[in-house]
There are 2 protein chains.
Amino acid sequence: MPTPHYGQPRYRVIADEIRKRLEHGIIAPGALLPTESALTAEFRASRGTIRQAIATLRDEGLVSTEHGRGTHATIQTNGQSDATEREVLADNRLASLFAVRAGTTLIEVERVTRKNGQVESVIRTYRTKPPSPAAP
Amino acid sequence: MPTPHYGQPRYRVIADEIRKRLEHGIIAPGALLPTESALTAEFRASRGTIRQAIATLRDEGLVSTEHGRGTHATIQTNGQSDATEREVLADNRLASLFAVRAGTTLIEVERVTRKNGQVESVIRTYRTKPPSPAAP
DNA sequence: AGAAATTTGTCCGTATGTATC
DNA sequence: AGATACATACGGACAAATTTC
């Protein structure tokens, strides 16, 4: 088969499927996702397509990827309030503002304001991650 | 030659070069960037690499891409204050919060707080774009 | 310490689909 | 309808970071 893509693009379908597994806890928070090759085999898609799907989830803050290690589900410090905190990797703009390297872990707090049930605004606050007290 | 890429990846070098042109006004705000094929020819890189470079700039809010039209420099309503306003396209998460389609134009206001010259936090507020008063 | 295997990152070339002009 | 331009998808190759042996 050549390269058909009617309706939804494949990478989005794949992202939707993986997102469902994250939301349903089939992939636990902090757990490693299947490798790109494993997903390639499962979804019968090329690596590029798989990587695009994962990039989508990364864009949503659902997963985090590290070179040579893998992609793992992001830990969501989310109770039931309207404020969610998560760890994200600095994009180029944030990196230059904070004077850190792109990809450095930052803390993002997201707050949602509503009006008559409708979302009025989304406020995201970024800060650098405080150094951990661990020291081997 | 196969695929040499020592030091900086090519897509980042290309993104840096285009960013410089945007900052220097060589590409005016609102103006269309060269097409992907033109950039492919200029930088002697494949389309995938060019697209990755443009994706980087899009991530920084510097440019905006429309299917079938092209990529143009984002209009920066930026005086000299610490608050910048720009138009961005909704990522999947924002789209679901605002109940709009991914890619819908949103208004982003970014504020930076500093302490002793160091950036302390970056606050980004997103709102839907108010309907224009135009009426054909 | 060092080599090998694993896994993600980058890059290329090509083909086809879809939106806009 | 045709030309132009971006979007999606495939497959292959090599680079770099991490883990495993």
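Throughout, protein chains are lettered first and strands after them, A, B, ... in sequence-line order, and every chain is numbered starting at 1.
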B/S46 side chain: which of D/dG11, C/dG13, D/dT8 is closest?
C/dG13

Length of the line joining B/Q52:CD and C/dC11:P, which is rounded to integer Å
6 Å

Scan side-chain atoms only and decide if B/R58 and B/T65 contain a donor-acceptor pair under the 3.5 Å cut-off.
yes

Could you give the CZ-to-P distance, from A/R58 to C/dT8, as a whole number of Å?
10 Å

Is any side-chain N or O of A/R51 under 3.5 Å from a base N or O of D/dA9, one able to act as donor and the other as acceptor?
no

Separation of D/dG11 C1' from A/E36 CD (nearest whole Å)
15 Å

Atom-pair distance (CD1 on B/I50; P on C/dC12), nearest Å:
8 Å

A/I54 has an atom CD1; how far is it from atom C1' of C/dT10, in whole Å?
16 Å

Candidate nucleotides D/dC6, C/dC12, C/dT10, ranked by approach to the side chain of B/Y11 - the nearest
C/dT10

Would you say the base of C/dG9 and the side-chain of B/R12 have a donor-acceptor pair closer than 3.5 Å?
no

For the pair made of CD1 in A/I14 and P in D/dT8, what is the distance, rounded to whole Å?
13 Å

Any idea which of C/dT18, C/dT8, C/dC12 is nearest the B/H67 side chain?
C/dT18

Quick one: is C/dC21 close enough that its OP1 or OP2 comes under 4.0 Å of any side-chain N or O from B/R69?
yes

C/dT7 C1' sits how many Å from A/E66 CD, rounded?
12 Å

Give one of base, sugar-phosphate or nothing for B/G48, where a contact means two heavy atoms less than 4.0 Å apart.
nothing

Look up atom CZ in A/R51 and atom CG in A/L39, then write down how far apart they are to the nearest 0.5 Å.
12.0 Å

Indicate whether any N or O donor in one side chain lies under 3.5 Å from an N or O acceptor in the other, for B/T40 and B/S37.
no

Is any side-chain heavy atom of A/E60 less than 4.5 Å from a side-chain heavy atom of A/T56?
yes

Looking at D/dA9, D/dT18, C/dG9, which one has an atom nearest to any side-chain atom of A/P9?
D/dA9

Closest heavy-atom contact between B/L106 and B/A90?
CD1-CB, 3.6 Å

Under 4.0 angstrom between B/T49 side-chain N/O and C/dC12 OP1 or OP2:
yes

Protein-nucleotide distance (B/R47, atom CZ; D/dC10, atom P), rounded to Å
16 Å

